[in-house]
Amino acid sequence: MADPIQTGVTPTCPACEAPLTSRADALHCPACSETVPVVDGIPRFPVAVEQSAGPPVFDALASIYETPLWFPVVYRVLGGPRAPIDDRSTIVEALDVAGGDVLDVACGTGRVTRVLAADAAAVWGIDLSLEMLRRARRDAMRDGHDNVVVARMNAEDLCFEDEAFEGVACGWALHLFADIPTTVAEIQRVLAPGGRFAGTTLSAESPLALPAAQYGLAQTIGAHVFDHEELRDLLLETGFRTVQLERYGAALFFSARK
Ligand SMILES: C[S@@+](CC[C@H](N)C(=O)[O-])C[C@H]1O[C@@H](n2cnc3c(N)ncnc32)[C@H](O)[C@@H]1O
Ligand SMILES: [Zn+2]
């Protein structure tokens, strides 16, 4: 596991946006004295009060998320028989950031983070759920990835300098953010010129077109289901120059270049 300050990507102060430095058990802002505690190796950037209890569904899912009881089944149900065998390789190939620094937004248990870590210089995985993050850290260490940092951080308020990353991944989470345009603008801000943003989300041009399905998703996990043109327009309006979309069932793979 990497030291947050030694990765080549410097996190910034949540209060004044100055670069943070490392102190025992905390990241420290020399400009305004704000501290970000590091608990069990996981920096905890401030999140809103209603988020600090954690998204209960993801905390509860953490222990089974990558087992055959959850992700592989949900992925195949969403994507159908034509979807890529492994969604991660499609995301990682679209990013094409060998040797670069990568941010994995809403990294969960680090499923995508670990694949990115094999080729990237450094990978930061951020998520709200501490249970997900504990697994992400444990499994990155198990696999010997000493270029990974996981941190609790809200995707809507990324504490990194502008243009800090060559690539940003976001697997199965764009539909979950309370303010999707703000989150996409944050992702665009932290991407270097020419950098790529790639991931997966939910397509409305699928069985999820059923109003009952969309209502159920909105009520249970607050998920939005994307119309393709809506997602393309959002990415272009946010400043991405090119956008590619590929749909398999309800699984919408996207990649965009800044
Ligand atoms: C379905 S999981 C996806 C995990 C991983 N990216 C993958 O592909 O397996 C969605 C994740 O989004 C996280 N999440 C939801 N809202 C978030 C936010 N505003 N900021 C950061 N993470 C968030 C949840 O805690 C959860 O771990
Ligand atoms: Zn500060």
Side-chain angles (χ1 to χ4, degrees), residues 10-21 26-36 42 44-48 50-67 70-75 78-79 84 86-92 102-116 123-137 139-140 150-159 161 168-184 186-187 198-202 217 220-224 251-254:
T10 307
T12 53
C13 174
C16 78
E17 298 181 9
L20 295 173
T21 58
L27 303 178
H28 174 72
C29 177
C32 77
S33 298
E34 176 88 357
T35 57
V36 173
I42 301 178
R44 294 191 187 187
F45 288 79
V47 297
E50 66 270 18
Q51 294 167 338
S52 62
V57 66
F58 291 109
D59 276 345
L61 272 180
S63 64
I64 60 159
Y65 185 77
E66 289 194 44
T67 71
W70 192 260
F71 187 86
V73 175
V74 174
Y75 174 58
L78 286 174
D86 185 347
D87 61 319
R88 298 174 295 185
S89 35
T90 305
I91 297 172
V92 173
V102 189
L103 175 64
D104 186 8
V105 170
C107 64
T109 54
R111 229 173 40 83
V112 179
T113 318
R114 298 192 300 277
V115 180
L116 289 165
V123 187
W124 274 75
I126 66 107
D127 201 284
L128 285 178
S129 160
L130 286 173
E131 291 304 323
M132 289 291 218
L133 288 166
R134 287 188 186 107
R135 297 220 162 227
R137 178 177 150 78
D139 293 352
V150 301
R152 186 184 216 195
M153 194 186 288
N154 185 356
E156 298 174 20
D157 184 15
L158 297 174
C159 295
E161 287 173 333
V168 178
C170 184
W172 303 108
L174 201 57
H175 45 273
L176 294 171
F177 304 135
D179 187 339
I180 296 167
T182 295
T183 311
V184 173
E186 276 293 86
I187 288 169
T200 39
T201 187
L202 302 178
L217 280 167
T220 49
I221 54 171
H224 176 78
L252 180 58
F253 286 69
F254 62 86

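Note that these values count all heavy atoms, side chains included, but never hydrogens, waters or copies made by symmetry. Ligands are counted one by one from 1 in listed order, and the atoms in each one are counted from 1 as well.
- Distances between N or O atoms of Asp127 and those of ligand 1 include at least one value under 3.5 Å.
- Within ligand 1, counting atoms from 1 as listed, the ones closer than 4.0 Å to a heavy atom of Met153 are 20 (N), 21 (C).
- Counting the atoms of ligand 1 from 1 in the order shown, those under 4.0 Å from a heavy atom of Tyr65 are 1 (C), 2 (S), 3 (C), 4 (C), 7 (C), 9 (O).
- Put simply, the side chain of Ser63 does not reach to within 4.5 Å of the side chain of Trp70, judged on heavy atoms.
- For the pair Val57/Ser129, no side-chain contact is recorded, criterion being any heavy-atom separation below 4.5 Å from C-beta on.
- Of the polar atoms of Trp172, none of the N or O atoms is found under 3.5 Å from an N or O of ligand 1, judged by distance alone.
- Taking a cut-off of under 4.0 Å to the non-hydrogen atoms of Gly108, the atoms of ligand 1 that pass are 4 (C), 27 (O).
- Of the listed residues (Gly171, Ala223, Ala173), the one carrying the non-hydrogen atom nearest atom 3 (C) of ligand 1 is Gly171.
- Atoms of ligand 1 lying under 4.0 Å from at least one heavy atom of Leu176, given by number and element, are 10 (C), 12 (O).
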Intermediate values then yes/no, side-chain contact (heavy atoms from CB on, under 4.5 Å), Leu176 and Phe58:
CA-CA 11 Å; Leu176 294 171; Phe58 291 109; 3.6 Å; yes

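- Of the listed residues (Asp86, Asp87, Leu116), just one forms a side chain to side chain contact (heavy atoms under 4.5 Å, CB included) with Val92, and that residue is Leu116.
- Only protein N, O or S atoms were scored, and 4 of them lie under 2.8 Å from the Zn ion (ligand 2).
- Seen from the ring of Tyr65, Arg135 does not count as a face-on cation partner, given the 6.0 Å and 45° thresholds.
- For Arg137, the salt bridge (charged side-chain N to carboxylate O under 4.0 Å, His left out) criterion is met by no residue, not counting sequence neighbours.
- When heavy-atom distances to ligand 1 are checked against a 4.0 Å cut-off, Cys170 has no atom that comes that close, whether in backbone or side chain.
- Qualifying ring pair (Phe, Tyr, Trp, His ring centres under 6.0 Å) partners for Phe45, counting only residues two or more places apart in sequence or in other chains: none.
- Among residues two or more places apart in sequence or in another chain, the ring pair (Phe, Tyr, Trp, His ring centres under 6.0 Å) test is passed with His224 by Phe226.
- Of all the heavy atoms of Phe58, the ones lying under 4.0 Å from any atom of ligand 1 belong exclusively to the side chain.
- At under 3.5 Å, not a single nitrogen or oxygen of Asp87, backbone or side chain, sits near a nitrogen or oxygen of ligand 1.
- Atoms of ligand 1 lying under 4.0 Å from any heavy atom of Ser129, numbered from 1 in the order shown and given with element: 25 (O).
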Is there a side-chain contact (heavy atoms from CB on, under 4.5 Å) between Cys107 and Leu133? Walk through the geometry before answering.
CA-CA 8 Å; Cys107 64; Leu133 288 166; 3.8 Å; yes

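- Which parts of ligand 1 touch Met132 is read off a 4.0 Å heavy-atom cut-off, strictly below it: atoms 27 (O).
- No side-chain heavy atom of Trp124 sits under 4.5 Å from any side-chain heavy atom of Leu158.
- Side-chain atoms of Asp127 come within 3.5 Å of backbone N or O of Gly108 as a donor-acceptor pair.
- Side-chain atoms of Thr35 do not come within 3.5 Å of backbone N or O of His28 as any donor-acceptor pair.
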